[in-house]
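Have a look at the structure below, then the notes.
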Amino acid sequence: MEKDKALTPIKAALHAKCPRCRRGNMFSGKTYALKAQKMNETCPHCGLRFEREPGYFYVAMFVSYAMAMAEMIAACVGFYLITGYMDGPWPYLIATIGTVILFSPLNFRYSRVILLYWLTPGLYYRPEEKS
């Protein structure tokens, strides 16, 4: 049984592994830790530098924005389907703000993962890369 077996792209992205080797962690610490999330500068396994150029992760803000908008729309639709309330905007506002606060650590992490895995040209899975 081979323990060093490579993960699928979806599974590696869900676990926030390096997009090049799929073994090293992109982040140190857990998603919902009390300390602030910190992204590793390089992959601990293959040495890939995650920030390809200065300001590279500004693009992740757009991905995070799209994720937050989808979450807010889903929260409002879900709130309506569960309660059927249509008399005022305040419950919907509370639901959307709560959703954004609850999911912001996930949005931070996975917007960067999505950027590196699927929106970065020239970054491919290369299992032969080792430090």
Side-chain angles (χ1 to χ4, degrees):
M1 214 165 122
E2 188 177 314
K3 187 180 178 185
D4 206 24
K5 197 172 181 181
L7 298 170
T8 63
I10 299 293
K11 200 173 213 180
L14 285 175
H15 292 292
K17 298 293 184 183
C18 171
R20 185 165 69 183
C21 68
R22 296 186 192 159
R23 292 190 181 107
N25 291 326
M26 290 174 59
F27 292 89
S28 59
K30 298 183 180 191
T31 305
Y32 284 102
L34 291 176
K35 295 180 181 178
Q37 290 192 42
K38 184 172 186 314
M39 186 169 190
N40 295 327
E41 288 186 25
T42 59
C43 173
H45 185 265
C46 70
L48 171 71
R49 183 169 169 79
F50 293 125
E51 189 170 9
R52 315 276 288 167
E53 57 190 36
Y56 181 73
F57 288 115
Y58 284 128
V59 178
M61 288 188 311
F62 297 110
V63 176
S64 179
Y65 174 75
M67 292 169 69
M69 292 306 296
E71 292 159 0
M72 288 189 292
I73 290 169
C76 287
V77 169
F79 182 80
Y80 174 74
L81 291 175
I82 291 170
T83 65
Y85 184 83
M86 287 291 290
D87 293 335
W90 295 109
Y92 292 98
L93 186 62
I94 291 168
T96 56
I97 290 172
T99 300
V100 168
I101 290 171
L102 181 68
F103 286 110
S104 62
L106 288 172
N107 290 348
F108 172 78
R109 182 175 285 231
Y110 289 109
S111 64
R112 290 175 178 226
V113 170
I114 289 169
L115 177 66
L116 285 171
Y117 266 80
W118 293 289
L119 300 176
T120 300
L123 184 60
Y124 303 106
Y125 172 59
R126 295 192 311 221
E128 69 276 357
E129 294 291 325
K130 293 184 181 177
S131 56

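In this chain, numbering begins with 1 at the start of the sequence shown.
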Taking the side chain as every heavy atom from C-beta outward, state whether Leu115 and Phe57 have any pair of such atoms under 4.5 Å apart.
-> yes

Heavy-atom distance under 4.5 Å between the side chains of Arg22 and Pro9, does that happen here?
-> yes

Which is it for Phe103 and Tyr110 under the side-chain contact (heavy atoms from CB on, under 4.5 Å) test, yes or no, and what are the steps along the way?
-> CA-CA 10 Å; Phe103 286 110; Tyr110 289 109; over 6 Å; no

Within 45° cone and under 6.0 Å: Arg112 NZ/CZ vs Phe50 ring | no

Any chance you could measure Cys43, atom SG, to Arg49, atom CZ, to the nearest 0.5 Å?
-> 13.5 Å

Of all residues at least two apart in sequence or in a different chain, which pass the side chain to side chain contact (heavy atoms under 4.5 Å, CB included) check with [X]?
X	result
Thr31	Gln37, Pro105, Leu106, Arg109
Lys11	Leu7, Thr8, His15
Ala13	Val113, Tyr117, Trp118

Test side-chain contact (heavy atoms from CB on, under 4.5 Å) applied to Ser111 and Met67, step by step | CA-CA 8 Å; Ser111 64; Met67 292 169 69; 4.2 Å; yes

Same apolar cluster (I L V M F W Y, side chains within < 4.5 Å links), Ile114/Met69 = no

Smallest heavy-atom separation, Pro19 atom then Met26 atom, equals CD-SD, 4.2 Å

Nearest non-hydrogen partners of Leu116 and Leu123, listed with the distance | O-CD2, 3.4 Å

For Tyr80, the rest of its hydrophobic cluster, which grows through side-chain links under 4.5 angstrom = Ile73, Val77, Phe79, Leu81, Tyr85, Met86, Tyr92

Hydrophobic side-chain clustering at under 4.5 Å (ILVMFWY, transitive links): who's grouped with Ile97? Put none if nobody.
-> Trp90, Leu93, Ile101

The side chain to side chain donor-acceptor pair (under 3.5 Å) partners of Asn25 (sequence neighbours excluded) come to Lys17

Cys21 and Leu48: CA distance, side-chain angles, deciding distance, side-chain contact (heavy atoms from CB on, under 4.5 Å) verdict = CA-CA 9 Å; Cys21 68; Leu48 171 71; over 6 Å; no

Assess whether side-chain contact (heavy atoms from CB on, under 4.5 Å) is satisfied between Leu119 and Val59, documenting all intermediate values.
-> CA-CA 10 Å; Leu119 300 176; Val59 178; 5.5 Å; no

Residues pairing under side-chain hydrogen bond (donor to acceptor under 3.5 Å, both in side chains) where one sits in residues 51-74, two or more places apart or in two chains, turn out to be Tyr56-Thr120, Glu71-Asn107

